[in-house]
Novice: 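Encoded as structure tokens, here's the structure I'll be asking about.
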Amino acid sequence: MSLEDELLKQRLERIAEIEALGYRAYGSRYDFTHTIPEILAGYGTKGAEELLPEVRVRVAGRLMTLRHMGKAGFAHLQQSGERLQIYVKRDAVGERDFKLFKLLDIGDIVGVEGYLFRTRTGELSIHAERLEFLSKTLLSMPEKWHGLEDVETRYRQRYLDLIANPEVRGVFLTRARIIASLRRQLEAHGFVEVETPMMQPLYGGAAARPFITHHNTLDIDLYLRIAPELYLKRLIVGGLERVYEINRNFRNEGLSTHHNPEFTMLEFYQAYTDYRGLIDFSAELLAQVAREATGGTTVEYEGCQLDFSHLERYSMREAVVHFWEGEGRPTPEEVADPAWLRRHSSKPTAGEALTDLFERQVEARLIQPTVIYDYPVETSPLSKNKPGDPAFVERFEIYAAGMEIGNAYTELNDPQEQRRRFEMQLGMRERGDLEAHQMDQDYVRALAYGMPPTGGEGIGIDRLTMILTGSRSIRDVILFPLLRPEGAIDLVTQLQSLDGK
RNA sequence: GGGCCGGUAGCUCAGUAGGUAGAGCAUGUGCCUUUUAAGCACAGGGUCGCGGGUUCGAGUCCCGCCCGGCUCACCA
């Protein structure tokens, strides 16, 4: 018999023994007086005499260590990633509870009632007087001091990762604080949270390939959204002048340490401002998010100290000159010269060539939080032109740690110009560009009713979380990242064969 | 998709030159009423990712495939 079969059989037999003692193997409600973190926070620094008179507690948690010593034993209970030791003595808990104690496995969930004390070595512990059984583990826990290290198992069985690696819990708590901080700040500025369609008959607002699904009753194909942008701007037309949405976008593209097919985006739109207003607001938002998520505005990421207290600012052309490394650094006049640009890139237009040079020469070097502004019109079909410089639009992106984390612009609100931009995109689509935007006629109609001048911005929550938690891979900040499905799981077959025995 | 690296006990990992597969933790039995990587004694546990091939003999060499990681390309 394999170890796994044997273990499973042992555990099922043990359930029967536990039930024979009169406990339920999968117990019910347990009213605790304290969580383990509360006990550690409240009594963690108290000396033995300060724990008198007796502090009585009831706690629940998962058993993570177990040390039997004849007629007594020690164990650690884990709750919310923190551990508290319990001391179980036969004379103190009685015969029945002590029999239960001897049947416990690492990973079982139990309730303990008793009083706090300090052991001979000084560790705050519960002197147990009653045990309750709450849930059985049938499988063995990962090893006690290495934890669970296999990356694939960590992603596939995140529950196990969270049990075995407490720091993983911290990453996702920080993620939650980041989102809460953004919501709080936006609400404080009068933004209203809205929800717009995830299933869209036309996909737009970004350049990406979509996932396709189907609605049976209407018998139509729908696309999972690649961005909420065009719906949010319809709301601006409708007079919801400050709106935001934090939710998933779906892009049917490759996976990497910086890309997951579904990812979380904050988008917000503010009427009567422009991209300059948004740069200032972004600086404020990011500094405050960093403070609320990490406690300060300086964050270490891959050995660099990132300072979120302010945003560095360069136009795209300035950035190409400033960050160019090695031979051939251009002058400001050269990066403004379409002929020079086309000579230094294979891209067909000056604007695309500038973007190409920026991506090759600059992007990876933008380590400190930095705004890059003034983008070529060719790559920005929804942004408003710069007055007096129609080759550029009022757009900026935010970079940190060499990654794009935000994208914003003054919204194009001229329906005639928007129609022309869509037609330009259709031309690119006909030439085989699967990611060119589709014509959204209703969006043009909405603009035709008049959209106030508006600034809009998107911030990638996953990447921002990576930076603020020091995570190298986007999979470390997404609880269940997309993986190829695994095959049949032996456990289920084994449970079938052992059922009823 | 290309390149590189990895998959050995439940977990973390060794495996020398091709010669019948190891350790620690975990598990089982016994002892142990303040231990904490508890300790002591004994024991069980492996389709070496899958399939082919070479060989008297393959965890080890060769080919194909599966899964994963990093990286490049792609993703403005």
Side-chain angles (χ1 to χ4, degrees), chain A residues 1-11 13-14 48 64-76 83-93 98 101 105-107 117-125 127 137-157 160 163-165 206-209 226 251-261 263 316 347 349 351-360 363 375-381 395 397 404 407 425 428 433-437 472-473 475-476 481 483-487 490-491 494:
Chain A
M1 189 190 293
S2 79
L3 174 66
E4 215 173 359
D5 283 322
E6 195 182 334
L7 183 84
L8 210 47
K9 206 159 154 256
Q10 282 165 6
R11 298 277 166 105
E13 285 165 7
R14 204 160 273 194
M64 296 303 285
T65 68
L66 198 48
R67 294 178 292 282
H68 289 287
M69 294 181 309
K71 298 177 185 64
F74 289 89
H76 278 98
R83 291 182 181 191
L84 177 63
Q85 183 170 256
I86 63 170
Y87 175 54
V88 180
K89 190 165 67 165
R90 193 183 62 180
D91 294 348
V93 297
F98 197 71
F101 180 64
D105 290 300
I106 292 173
F117 77 113
R118 291 233 170 237
T119 63
R120 187 179 290 161
T121 53
E123 181 168 346
L124 180 68
S125 307
H127 199 289
T137 180
L138 298 179
L139 301 171
S140 56
M141 287 290 129
E143 204 238 17
K144 66 183 169 193
W145 66 81
H146 292 98
L148 179 64
E149 304 209 333
D150 183 76
V151 182
E152 186 176 349
T153 310
R154 288 187 45 226
Y155 296 150
R156 287 197 194 281
Q157 298 177 244
L160 199 55
I163 293 167
N165 301 321
R209 290 159 68 180
I226 58 173
R251 297 187 184 174
N252 205 339
E253 284 163 359
L255 296 86
S256 79
T257 49
H258 297 54
H259 299 85
N260 194 62
F263 62 100
M316 184 181 276
K347 301 291 178 185
T349 67
E352 288 168 291
L354 176 62
T355 306
D356 180 42
L357 285 174
F358 170 76
E359 283 164 4
R360 288 190 347 237
E363 190 167 340
Y375 277 63
V377 66
E378 291 92 330
T379 56
S380 314
R395 172 180 177 184
E397 291 190 345
E404 179 196 338
N407 178 24
Q425 293 285 319
M428 289 162 66
D433 183 350
L434 293 170
E435 298 190 346
H437 291 228
R472 296 177 49 99
S473 169
R475 294 183 197 97
D476 292 324
L483 298 177
R484 229 177 264 279
E486 68 181 314
D490 293 342
L491 172 68
Q494 290 162 352

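Only a predicted model underlies this, so the values are computations on that prediction, with no experimental measurement involved.
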Novice: Looking just at side-chain N and O atoms, do A:Glu352 and A:Thr355 make a donor-acceptor pair shorter than 3.5 Å?
Specialist: no
Novice: For B:A26, take OP1 and OP2 only and decide whether either is under 4.0 Å from a side-chain N or O of A:Lys144.
Specialist: yes
Novice: Checking base pairs now: Watson-Crick or wobble, both atom distances under 3.5 Å. What partners B:G28?
Specialist: B:C42
Novice: Contact class for A:Glu123 (heavy atom, under 4.0 Å): base, sugar-phosphate, or nothing?
Specialist: base
Novice: Taking NZ, NE, NH1 and NH2 as the nitrogens, is one of them in A:Arg11 or A:Glu13 under 4.0 Å from a carboxylate oxygen of the other?
Specialist: no
Novice: When you compare B:A76 with B:G2, how far apart are their C1' atoms, in angstrom units rounded to a whole number?
Specialist: 23 Å
Novice: So which nucleotide from B:A76, B:C70, B:G69 ends up closest to the side chain of A:Arg395?
Specialist: B:A76
Novice: Using the P atom as the reference point in each nucleotide, state the distance between B:C65 and B:G22 in Å, no decimals.
Specialist: 34 Å
Novice: Given the P atoms of B:G64 and B:U12, what is the spacing between them in whole Å?
Specialist: 29 Å
Novice: Roughly how many Å is it from CG in A:Asn165 to C1' in B:U12, rounded to a whole number?
Specialist: 12 Å
Novice: Using a heavy-atom cut-off of 4.0 Å across all strands, would you classify A:Thr379 as base, sugar-phosphate, or nothing?
Specialist: base
Novice: Assess whether salt bridge (Lys or Arg N to Asp or Glu O under 4.0 Å) is satisfied between A:Arg154 and A:Glu152, documenting all intermediate values.
Specialist: CA-CA 5 Å; A:Arg154 288 187 45 226; A:Glu152 186 176 349; over 6 Å; no
Novice: Just verifying a value: how many Å separate A:Arg156 CZ and A:Arg484 CZ, rounded to the nearest 0.5 Å?
Specialist: 9.5 Å
Novice: Does B:C75 have OP1 or OP2 under 4.0 Å away from a side-chain N or O of A:Arg251?
Specialist: no
Novice: Just call it for A:Thr257: base, sugar-phosphate, or nothing, with non-hydrogen atoms closer than 4.0 Å on any strand.
Specialist: sugar-phosphate
Novice: Expressed in whole Å, how much space separates the P atoms belonging to B:U60 and B:A21?
Specialist: 13 Å
Novice: When rounded to the nearest 0.5 angstrom, what is the spacing between NE2 in A:His258 and CD in A:Glu404?
Specialist: 11.5 Å
Novice: OP1, OP2 of B:C70 versus side-chain N and O of A:Arg475: anything below 4.0 Å?
Specialist: yes
Novice: Below 3.5 Å, does any donor atom in the side chain of A:His146 face an acceptor in the base of B:C11, or the other way round?
Specialist: no
Novice: Roughly how far apart, to the nearest Å, are B:C5 and B:G49 at atom C1'?
Specialist: 16 Å
Novice: Could you give the distance separating B:A38 and B:A26 at their C1' atoms, to the nearest angstrom?
Specialist: 15 Å
Novice: Compute whether any side-chain donor of one residue and acceptor of the other, for A:Glu149 and A:His146, lie under 3.5 angstrom apart.
Specialist: no
Novice: May I ask you to verify if any side-chain N or O of A:Arg14 is less than 4.0 angstrom from the OP1 or OP2 atom of B:G28?
Specialist: yes
Novice: Taking the side chain of A:Arg120 as heavy atoms from C-beta outward, which of B:G68, B:U34, B:U33 is closest to it?
Specialist: B:U34
Novice: Would you tell me if any nitrogen or oxygen in the side chain of A:Arg90 comes within less than 4.0 Å of OP1 or OP2 on B:U33?
Specialist: no
Novice: Given B:U71, B:A76, B:C11, which nucleotide is nearest the side-chain atoms of A:Arg472?
Specialist: B:U71
Novice: If you check the A:Pro142 side chain, which of B:C11, B:U27, B:G69 turns out closest?
Specialist: B:C11
Novice: Ion pair present between A:Asp356 and A:Arg360, side-chain N to carboxylate O less than 4.0 angstrom?
Specialist: yes
Novice: Separation of A:Arg209 atom CZ from B:C74 atom C1', in whole Å?
Specialist: 10 Å
Novice: What is the base-pairing partner of B:C70, counting Watson-Crick and G-U wobble geometry with both distances under 3.5 Å?
Specialist: B:G3
Novice: How is A:His258 classified with respect to the nucleic acid when contacts are heavy atoms under 4.0 Å: base, sugar-phosphate, or nothing?
Specialist: nothing
Novice: Considering every strand and a 4.0 Å limit on heavy-atom distances, what is the contact class for A:Tyr375: base, sugar-phosphate, or nothing?
Specialist: nothing
Novice: Taking for each residue the nucleotide of RNA chain B with the nearest heavy atom, is it A:Arg118 or A:Ser140 whose nucleotide lies nearer the 5' end?
Specialist: A:Ser140
Novice: When you measure from the side chain of A:Glu143, which nucleotide among B:U33, B:C11, B:A26 comes out closest?
Specialist: B:C11
Novice: Would you mind reading off the distance between A:Leu7 atom CG and B:U29 atom P, rounded to a whole angstrom?
Specialist: 12 Å
Novice: So what does A:Arg154 hit on the nucleic acid, given a heavy-atom distance under 4.0 Å: a base, only sugar-phosphate, or nothing?
Specialist: nothing
Novice: Could you measure between the two P atoms, the one in B:G51 and the one in B:G45, and give it in whole Å?
Specialist: 22 Å
Novice: Could you tell me the separation between the CZ atom of A:Arg83 and the P atom of B:U35, rounded to a whole number of Å?
Specialist: 20 Å
Novice: Using a distance-only criterion (donor-acceptor N/O pair, under 3.5 Å, no hydrogens), is the base of B:U35 paired with the side chain of A:Arg67?
Specialist: yes
Novice: Base, sugar-phosphate, or nothing for A:Glu435, non-hydrogen atoms under 4.0 angstrom?
Specialist: sugar-phosphate
Novice: Using only modelled atom types and a 3.5 angstrom limit, is any donor from either the side chain of A:Glu6 or the base of B:G28 paired with an acceptor on the other?
Specialist: no
Novice: Counting the atoms with a prime plus P, OP1 and OP2 as sugar-phosphate, which does A:Glu359 contact under 4.0 Å by heavy atoms, base, sugar-phosphate, or nothing?
Specialist: sugar-phosphate
Novice: So A:Phe358 and A:Tyr375, would you call those rings parallel, tilted or perpendicular, with 30° and 60° as cut-offs?
Specialist: perpendicular
Novice: Measuring from the side chain of A:Arg484 (C-beta onward, heavy atoms only), which nucleotide among B:C67, B:C13, B:A76 has the closest atom?
Specialist: B:C67
Novice: Give none if B:G22 has no partner; otherwise give the nucleotide forming a Watson-Crick or G-U wobble pair with it, both distances under 3.5 Å.
Specialist: B:C13
Novice: Classify the nucleic acid contact of A:Gly147 as base, sugar-phosphate or nothing, counting any heavy atom under 4.0 Å across all strands shown.
Specialist: sugar-phosphate
Novice: When the P atoms of B:G7 and B:G53 are considered, how many whole Å apart are they?
Specialist: 24 Å
Novice: Select base, sugar-phosphate, or nothing to describe what A:Asp356 touches, counting heavy atoms under 4.0 Å on all strands.
Specialist: nothing
